[in-house]
Amino acid sequence: MTAEDSGSLIPPVSITKAPKTSHRIVTPEEREEAERAKKAAAKAARKTSREPRTRIGRWWRRVHSSPDRVSFAMCIVALGVVYGDIGTSPLYMAQSFLAGQGGIQYADRGSVLGMLSLLFWSITLITTIKYVFIAMRIDNKGEGGIFALYSMVRRYGKWLAWPAMIGGAAFLADSVLTPAVSISSAVEGLQTIPQLAPVFDANENLTLMITVVIILGLFSIQSRGTERIGKVFGTIVMIWFSFLAVVGVFSIGTDWSVFEALNPVIGIDFLLFDPNNKAGLAIMGTVFLATTGAEALYSDMGHVGRGNIYTTWPFIKIALVLNYFGQGAWILRNQNNESLYDIKSLNPFFQMMTPNLRSVAVVLSVAAGVIASQALITGAFTMVSEATGLNWMPHLQVRYPARTRGQLYIPSINLVLCVATLSVLALFRDSEHITAAYGLALTITMITTTILLAAYIWNGWKRRVFAIVFAIIFLAIQTLFFLASMSKFLHGGWFTMLLTLAILGIMVVWDQGTKVERSQRRHMWPKEFLPALDALHRDFKLPYYADNLVYLTSDPELRRLDTDIFYSIFGNHPKRARAWWAVSVQVTDDPFTREYSVENFGTSFMFRVRIRLGFKVSQNVATYLHQIMHDLINDGTLPKQSSIYPKLDEDPQIGTIQYVLVHKALMPESKITERGSTLLRVKYAIRHLAGSPAQWFGLSAYNPVVEVQPLFLSTHKVPALKRVALRKSKRPITLQQIQAEQREEAENARAARMAADDTRQFAGALVPPSASGAVSSSSPTPTPSGESNPDAVGLRPAGREDDPVHDVHRYRSKPNFDLRPASSV
């Protein structure tokens with residue numbers, strides 16, 4: 001049919017505005033990246049051409065050519081992205097210590113120095129030695145965190161998956177509490193400003209409302225990426241840590257005796273033997289709050305680079321130590337100040353400052369709280385992405401707003417974190433109660449990270465003695481932290497443990513369910529699927545299901561086909577098409593990759609396509625597939641197609657396109673344990689909530705078909721049925737019996753009508769002519785069957801006048817033909 005024959009043409013003026021590809025358009029980001037790469041290459045060439053003359057110069061060149069390279073700009077970003085969480089610990093650590101001691105009046109010199117000693121050596125051992133010096137040397141292509149670490153040690157034992165999943169779940173649960181505790185504790189500092197105190201006293205929920213607004217604003221800007229946020233936050237963090245150091249130095253004053261706490265013996269004696277330790281072992285739960293940002297430091301390593309963390313950490317640690325010791329000196333000076341005894345939730349951080357300086361401290365602390373939340377949020381994005389790569393979580397839509405793939409944004413996780421953080425605020429309402437729940441989950445993460453690090457040191461570095469010493473020391477310290485934090489369980493720790501179990505449940509379900517699915521996943525090679533497709537393509541008795549039938553697949557191998565696609569084509573009613581397409585999408589580390597490869601198996605109807613897109617490139621599969629079809633038509637690989645009717649894509653040179661998404665389902669009779677069946681059903685429920693790939697790849701407007709196929713699991717043998725004979729029916733039930741009965745009834749009815757007609761004719765012949773007038777003047781009495789009765793009018797046969805009635809009845813009772821059924825004749 002031609003366009004003239006149809007009378008229905010594609011409108012000459014565009015109605016829809018479907019996206020199209022252009023070989024001439026270069027995005028501003030791509031142009032900027034090209035210029036940046038060109039300048040970097042020129043700068044590197046100039047540096048290479050000049051040979052350094054000094055030993056320091058040669059060392060500096062080696063640093064810049066290694067993964068430990070340092071740049072001032074990325075050091076600023078590192079301050080804003082990495083150190084936010086650990087930088088807010090001074091806001092609430094000393095406050096928690098005084099609450100555990102029962103008030104400032106019970107915090108004597110031995111208690112303060114013991115607490116500072118435990119704090120200093122905890123930061124030194126956990127953060128500096130374990131994470132900065134050891135863990136950051138064990139990276140997976142520059143990426144850190146517990147999942148990246150597991151990717152490196154997974155080959156050493158399957159059991160290592162359990163500590164990795166438990167630690168990752170605990171870290172994600174802690175990511176929910178960090179924004180709540182950091183920001184709320186900072187905002188509560190407004191209550192210490194004399195000018196604002198009456199306002200907060202009159203409005204009890206004002207602090208909570210301000211915290212909610214700040215948290216909503218924080219999560220709303222995540223889509224802009226950590227690079228832009230880091231540049232702004234980095235400057236603020238640098239000012240914040242400088243402020244911490246200066247305030248701490250002024251609070252210490254001339255009493256430098258507080259630095260006696262650097263002696264570790266003082267801390268051990270206070271923990272184990274000092275009767276003034278009112279909190280007992282639980283004091284370690286308070287000390288642990290000073291190290292809570294260490295795991296985030298390791299997880300965010302891929303965002304900023306290892307060398308930039310090495311460069312900035314000494315400045316961070318000195319500032320923290322000075323501030324903590326400054327708070328300790330203030331407590332010692334004010335132990336006997338009775339005016340402080342009745343202050344609710346006394347916070348030494350704000351109290352050691354003058355009222356005029358507190359307003360500055362509040363502003364900076366709020367900014368630091370936001371930055372701390374940012375560090376955990378970006379770490380959560382990274383860990384979810386890594387868990388997806390390990391098949392421990394469903395595939396989610398990922399965006400890359402920055403210039404590096406390590407800086408990503410996951411909309412669904414951002415929404416979940418925001419809702420969960422607001423729920424924490426609604427449940428606990430203030431920082432004092434949130435702190436009771438904070439830190440317990442993170443101790444679990446640190447313990448599991450230690451196990452994985454020890455496994456890598458043992459197997460990867462082959463340093464067996466060092467691995468044993470490392471495991472014993474750090475497992476002992478962190479187990480002590482965990483036992484101390486368990487005292488918080490009933491005061492709010494149950495919430496983080498509940499979150500940890502929920503996230504761990506998702507990971508276990510997805511991991512085990514994926515293993516069950518993969519045990520049934522099969523691929524077909526060309527000799528297995530091409531003959532059947534060729535036969536279907538040439539079967540002209542079947543109408544076309546679509547001109548182009550497109551399937552999305554996660555299999556990147558181009559020389560095979562998923563059985564899911566094959567059975568979708570041939571299952572139920574075969575889907576005949578001019579061309580079948582199986583398309584896979586891969587995201588590359590380069591930001592602006594746009595490539596595709598095609599395998600057609602020497603046919604004009606079967607195409608395997610692999611599209612490789614940079615992480616900054618929009619994954620609009622529908623648009624790119626049109627370009628691929630045009631390219632194949634132009635080189636003769638794909639036969640020419642045309643469409644004369646209006647279509648959404650406004651492309652008359654391409655036929656109709658139908659997209660198909662295949663989902664798996666479990667058959668009731670599948671040979672699978674109850675546990676496996678439950679895992680799969682829960683996994684499919686989670687997948688339903690995770691979102692549809694049709695939205696991620698820009699297919700929603702094309703109305704894709706979603707098919708559900710059963711998992712081809714082996715099935716149980718079903719016992720055979722026993723046949724039971726039926727009792728004979730009194731009524732006919734077969735088709736032959738019913739038809740014979742109907743024929744017999746029809747013949748009997750016809751014979752009865754013929755007999756009645758003959759009887760009427762014979763009776764009319766016996767009536768004498770003289771009686772004709774009488775007969776005609778009177779009507780015969782109708783019989784019950786509707787026929788006239790000759791006896792009622794005195795009719796009788798001629799010559800039998802003696803008994804006319806008897807003769808008439810005798811004649812009627814013996815008709816002159818046989819009334820047997822027709823079937824018996």
Side-chain angles (χ1 to χ4, degrees), residues 67-68 86 118 121-174 264 284 287-288 290-302 306 309-310 313 379 382-383 386-387 389-390 392 439-486 500 504 507-508 511:
D68 300 336
I86 202 169
L118 293 173
W121 287 105
S122 296
I123 295 177
T124 301
L125 292 174
I126 301 298
T127 309
T128 305
I129 295 179
K130 176 189 171 182
Y131 283 100
V132 177
F133 286 167
I134 298 177
M136 292 181 63
R137 304 303 305 178
I138 305 174
D139 65 290
N140 187 5
K141 298 179 181 178
E143 291 291 338
I146 191 169
F147 289 154
L149 177 60
Y150 169 72
S151 299
M152 301 173 64
V153 301
R154 61 192 302 182
R155 62 183 181 273
Y156 301 135
K158 294 183 179 180
W159 65 274
L160 293 171
W162 283 104
M165 283 194 286
I166 294 172
F171 180 85
L172 292 175
D174 186 74
M284 294 301 293
V287 172
F288 179 75
T291 65
T292 51
E295 189 69 34
L297 181 146
Y298 183 43
S299 299
D300 289 331
M301 181 177 64
R306 183 170 54 203
I309 296 178
Y310 285 156
W313 171 244
T382 302
M383 295 196 72
E386 293 170 350
L390 293 169
W392 288 351
L440 177 58
L442 201 55
T443 59
I444 300 175
T445 304
M446 288 190 173
I447 291 173
T448 54
T449 302
T450 300
I451 295 173
L452 298 180
L453 288 172
Y456 185 84
I457 295 170
W458 178 281
N459 296 282
W461 287 357
K462 303 296 182 181
R463 299 179 180 179
R464 307 298 171 81
V465 176
F466 180 58
I468 295 174
V469 173
F470 175 85
I472 292 175
I473 293 176
F474 288 102
L475 283 179
I477 296 173
Q478 289 161 358
T479 302
L480 186 61
F481 283 147
F482 173 74
L483 295 176
S485 298
M486 282 299 293
T500 301
L504 179 62
M507 291 183 181
V508 172
D511 175 58

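All values derive from a computational prediction rather than experimental measurement. Scope of the values below: all heavy atoms of this structure, side chains included, with no hydrogens, waters or symmetry mates.
- A donor-acceptor pair under 3.5 Å is absent between the side-chain atoms of Asp511 and the main chain of Met507, judged by distance alone.
- The main-chain N or O of Thr127 is never found under 3.5 Å from a side-chain atom of Lys130 such that the two would form a donor-acceptor pair.
- To the nearest 0.5 Å, atoms CE (Met383) and CH2 (Trp392) are separated by 9.5 Å.
- To the nearest 0.5 angstrom, Phe133 atom CZ is 11.5 Å from Leu125 atom CG.
- Taking the six-membered ring wherever Trp is involved, the centroid distance between the rings of Trp458 and Tyr156 does not fall below 6.0 Å.
- In this structure the side chain of Leu297 reaches within 4.5 angstrom of the side chain of Met136, judged on heavy atoms.
- Using a 4.5 Å heavy-atom cutoff, the side chains of Val153 and Ile138 are not in contact.
- Rounded to the nearest 0.5 angstrom, Ile166 CD1 and Leu504 CG are separated by 6.0 Å.
- Note that OG1 of Thr448 and CE of Met165 are 11.5 Å apart. Values are rounded to the nearest 0.5 Å.
- The closest side-chain heavy-atom distance from Tyr456 to Leu452 is not below 4.5 Å.
- Taking the six-membered ring for Trp and the full ring otherwise, the centers of Trp461 and Phe470 sit at least 6.0 Å from each other.
- Gln478 and Thr450 are linked by a side-chain donor-acceptor pair at a separation below 3.5 angstrom, with hydrogens and angles left out of the test.
- Considering CE of Met446 and CD1 of Ile126, their distance stands at 6.5 Å, rounded to 0.5 Å.
- Between the CG atom of Leu160 and the CH2 atom of Trp162 there is a distance of 13.0 Å, given to the nearest 0.5 Å.
- At least one donor-acceptor pair under 3.5 Å links the side chain of Ser151 to the backbone N or O of Phe147.
- In terms of heavy-atom proximity, Ala441 sits nearest to Thr500 at CB-OG1, 3.9 Å.
- Of the options Thr449, Ile451, Leu453, a side-chain contact (heavy atoms from CB on, under 4.5 Å) to Ile146 is made by Thr449 and by none of the others.
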